[in-house]
Amino acid sequence: MINRNEWVPADNFFLEQKASYSVKSMENLLVIAGPGTGKTEMLAQRANYLFETGICKEPYNILAISFKKDSASNLGERVKKRSSKSGDYRFDSMTYDALAKRVLDQFRNGLNITIRPDGDYLVQNETKLSEMVKEASQSYLLNSYCVNKTWREFSFLNPTINNVQKKLGNLMLHGTDKLQANLSYHGIMQLAIKIIETNPSIRYAFQVAYPFVFLDEFQDTTDLQYKFIKTLFLSSPVVITAVGDDKQRIMDFAGARKTIFLDFKNDFSADELHLSVNHRSAPQIINLQLSMYKSLQEDYNEVFYSGKWNKNEGEISLIQSLDDYEEAKKVAQDIMEKIHQGIKPNEIVILVKQRAEDYAPLIIDALKEKGIKARIESDYQSLIKEPLVKIILHSIMLSSTTSYTEDWQKYLSLYMESQGISDVEDERIIYDAEKALNEFLKSTSLMLNNKTTVKKLVQCIIDFWTVDFFQTTFPEYLHGSNLEETITSFINLMELEYQSGESWTEAVKSFVGDNSIPIMTIHKSKGLEFKAVYLIALDDNAFWSFKCNPDATRRALFVAISRAKQYLTFTFSESRFTTKHPGRQTHVLISEFYELIKRFVN
DNA sequence: GGTGCGTTCCTTTTT
DNA sequence: GGAACGCACC
């Protein structure tokens with residue numbers, strides 16, 4: 001155990017003074033972490049500090065709550081990397097919904113019998129929820145919009161006001177002979193809140209188990225999530241570190257609570273503190289960000305450049321064109337030059353405000369002519385995250401190598417789990433499992449060398465692991481046609497990669513995106529960083545929301561520009577081809593944005 | 001089946 | 001702001 005005065009950041013990481021203060025704070029804190037200020041690192045170092053100094057000693061834990069599975073596992077990984085004693089950390093990193101579900105599943109009996117759901121409820125099965133709404137309203141005349149709205153807005157917390165809602169509530173909790181109980185994510189969190197509200201001992205148990213809580217991307221917290229946090233931890237000794245940036249609050253439309261920072265400071269008597277070293281962007285890009293502060297109503301403007309940049313580094317440009325065809329050509333040319341300078345395709349991003357599929361085709365074609373791959377990233381990302389796909393990709397990669405890597409270890413322990421032999425110490429059983437797995441990989445390897453089809457290969461891998469294994473380990477594959485759909489869309493996309501690639505290893509690398517330029521919406525790029533950012537269509541059509549919600553739209557622009565490390569390119573085209581009108585629509589460059597960038601454009 | 005008018009959506013995650 | 005859809009009317 002280290003004395004708290006002698007603790008130094010893990011891996012000799014440099015922490016700015018205020019980051020260091022946040023790491024060691026014993027009070028509730030709101031850490032405003034602007035783009036690139038290293039919030040994940042700060043939280044990981046804080047976890048290290050609390051563990052290493054014994055401030056958070058056994059059996060106490062740290063709870064980190066994120067919105068997305070991605071962020072939750074990234075933070076968990078970073079903490080693991082920063083902790084010296086591997087394995088000896090008590091860091092629970094999970095999403096809001098995972099936490100709520102855990103509360104509900106573990107303490108379901110703490111609910112009054114009238115609102116206690118069946119144990120085997122489905123999680124937001126939308127088709128079946130729609131059937132429930134129809135059943136409850138005894139009408140098949142509702143349109144799908146009304147049906148969706150009804151179950152989405154149903155609340156277990158507010159008293160039911162009419163018979164249809166009463167009936168729907170009961171259907172969700174208990175189902176019928178034909179329909180299984182079925183709760184929305186919203187509903188699960190409401191029931192979790194009810195459990196904590198009505199059972200002080202459960203609330204107390206959480207507070208004791210987790211004396212330290214981290215809240216990630218705090219600016220996006222919804223009313224319900226905040227209520228959940230308050231129910232669990234308000235007026236308790238638990239020390240909460242909330243990290244976020246109001247300038248990057250771009251989820252208002254999805255219900256992010258606008259006053260969250262103020263509310264947290266008041267409710268939890270939290271101090272506010274700003275991280276001010278931007279480790280990501282070159283000075284010129286940071287200067288552009290700073291020039292937006294006034295319009296973002298940000299008073300605090302102390303931002304320091306990272307020492308790795310010279311003062312003049314960072315390039316901002318505007319590509320203007322007469323039509324979108326010319327624009328695509330110019331963008332492709334510019335990207336090709338960047339690639340020739342040695343920038344890798346996956347260090348470049350093409351951003352659009354909304355509807356990537358409307359803007360992508362011309363640019364994809366123009367890049368293709370130059371031999372550069374680009375793709376709408378979300379089509380692939382949802383698939384890459386599927387556990388089934390991960391296992392298939394691992395099977396292919398491990399068949400092509402013979403080294404006993406960390407990946408192989410993970411693959412092996414998953415296999416042992418699938419055989420129901422996860423916690424054995426008998427060396428022989430482990431040896432047998434290794435042998436079986438190696439034989440399987442050998443046979444797969446033979447298939448790969450014999451130029452098998454993707455379909456046959458996938459079938460073979462699934463047969464080995466068995467459908468039953470996938471369905472028991474990952475319950476999302478149990479219902480509907482999730483498993484079938486995942487397999488089909490994987491085969492389709494993977495076939496494209498295999499046809500154009502030279503080897504299976506290359507095809508897998510391409511599939512996970514190592515060789516192509518991602519195209520995505522600004523919202524999807526939140527939290528990511530790229531060496532070069534191309535923001536397509538700085539016009540009043542793409543940014544139509546500027547007229548009805550200028551603040552949120554300014555923040556979206558801010559998120560977009562703050563993804564860039566070194567190169568930032570905007571495009572504007574006077575006309576764009578639309579499917580319906582063979583004539584061309586003219587568009588106007590948003591003048592406020594143009595005024596903002598023109599001082600920085602070379 | 002064309003047209004004209006009104007309405008809705010666009011930007012998202014979660015076991 | 002405009003694409004896409006449903007609906008009434010011819």
Side-chain angles (χ1 to χ4, degrees), chain A residues 65-73 94-106 117 119-126 143-146 148-149 152 181-192 216-217 219-222 224-225 228 248-256 351-359 377-378 381-382 385-387 471-480 482 520-527 535 537 539-557 559-560 575-581 583-588 590:
Chain A
I65 313 177
S66 311
F67 291 84
K68 300 202 271 181
K69 289 190 282 183
D70 261 11
S71 337
S73 54
M94 62 184 92
T95 62
Y96 275 98
D97 289 302
L99 178 64
K101 187 164 192 298
R102 218 182 72 174
V103 170
L104 177 60
D105 291 347
Q106 209 170 340
D120 61 343
Y121 62 88
L122 297 174
V123 179
Q124 195 156 311
N125 183 311
E126 306 201 1
N143 65 34
S144 63
Y145 173 73
C146 283
N148 271 327
K149 198 175 145 160
R152 276 178 202 280
N182 194 342
L183 300 171
S184 64
Y185 289 106
H186 215 70
I188 292 171
M189 191 169 288
Q190 289 173 334
L191 294 173
D216 200 12
E217 300 268 22
Q219 76 281 356
D220 293 331
T221 310
T222 65
L224 190 67
Q225 286 162 341
F228 187 36
Q248 297 181 72
R249 199 186 73 233
I250 56 173
M251 302 301 285
D252 286 13
F253 75 96
L351 295 182
V352 297
K353 176 64 174 51
Q354 277 160 226
R355 294 190 206 246
E357 61 280 9
D358 287 358
Y359 295 88
E377 196 58 21
S378 53
Q381 279 306 318
S382 50
K385 286 179 195 156
E386 291 278 344
Q471 293 188 325
T472 29
T473 319
F474 314 105
E476 65 258 44
Y477 296 133
L478 260 177
H479 299 283
N482 280 347
M520 62 179 90
T521 62
I522 293 174
H523 285 74
K524 286 245 161 59
S525 77
K526 193 162 62 101
L535 179 61
D539 63 49
D540 59 345
N541 191 18
F543 283 81
W544 59 268
S545 61
F546 186 72
K547 276 209 175 103
C548 50
N549 197 344
D551 284 339
T553 311
R554 287 185 189 111
R555 290 194 295 266
L557 180 74
V559 168
S575 60
R576 259 169 224 288
F577 194 78
T578 58
T579 42
K580 195 159 184 180
H581 303 278
R584 298 197 159 213
Q585 298 284 313
T586 53
H587 295 284
V588 183
I590 294 186

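These numbers come from the heavy atoms of this one structure, side chains and all, not from hydrogens, waters or symmetry mates. Just so it is clear: chains get the letters A, B, ... in the order the sequence lines come, proteins before strands, and each one is counted from 1.
- Atom CD in A/Glu377 sits roughly 18 Å away from atom C1' in B/dT11 (whole-Å rounding).
- Salt bridge A/Asp358/A/Arg576: absent, no basic N to carboxylate O contact under 4.0 Å.
- Salt bridge status for A/Lys547 with A/Asp540: absent, with no side-chain N to carboxylate O gap under 4.0 Å.
- The CE atom of A/Met251 sits 7 Å away from the C1' atom of B/dT13 (whole-angstrom rounding).
- As a whole-Å value, the separation of A/Tyr359 OH from C/dA3 P is 10 Å.
- For A/Lys524, a side-chain nitrogen or oxygen approaches OP1 or OP2 of B/dT12 to under 4.0 Å.
- Nearest nucleotide to the A/Asp97 side chain, out of B/dT11, B/dT14, C/dG1: B/dT14.
- Atom OH in A/Tyr185 sits about 8 Å away from atom C1' in B/dT13, given to the nearest Å.
- Closest to the A/Trp544 side chain, of the nucleotides C/dG1, B/dT12, B/dT14, is C/dG1.
- Listed nucleotides: B/dT15, C/dG2, B/dT12. Nearest to the side chain of A/Asn541: C/dG2.
- For A/Lys353, no side-chain nitrogen or oxygen approaches OP1 or OP2 of B/dT11 to under 4.0 Å.
- A/Tyr359 meets the ring pair (Phe, Tyr, Trp, His ring centres under 6.0 Å) test with no other residue; sequence neighbours excluded.
- Of the side-chain N and O atoms in A/Ser545, none sit less than 4.0 angstrom from OP1 or OP2 of C/dG1.
- Rounded to a whole Å, the CZ atom of A/Arg555 is 18 Å from the P atom of B/dT11.
- Nucleotides B/dT11 and C/dC5 have their P atoms positioned 15 Å apart, rounded to a whole Å.
- Ring-base stacking between A/Phe67 and B/dT14 is not satisfied when judged by a centre separation under 5.5 Å and a plane angle under 30°.
- Of the possible polar contacts, none joining the A/Glu377 side chain to the A/Met520 backbone as a donor-acceptor pair under 3.5 Å is found.
- No side-chain N or O of A/Asp216 forms a donor-acceptor pair with one of A/Tyr96 less than 3.5 Å apart.
- For A/Phe253 and B/dT11, the ring-to-base geometry satisfies the stacking test (centroid distance below 5.5 Å, interplanar angle below 30°).
- Rounded to a whole Å, the CD1 atom of A/Ile65 is 13 Å from the P atom of B/dT15.
- With B/dT12, B/dC10, B/dT13 as the candidates, the nucleotide lying closest to the side chain of A/Lys68 is B/dT13.
- B/dT12 atom P lies 14 Å from atom CZ of A/Arg152, rounded to whole Å.
- For the pair A/Lys526 and B/dT11, the criterion of a side-chain N or O lying under 4.0 Å from OP1 or OP2 is not met.
- When rounded to the nearest whole Å, the span between CG of A/Asp358 and C1' of C/dA4 equals 12 Å.
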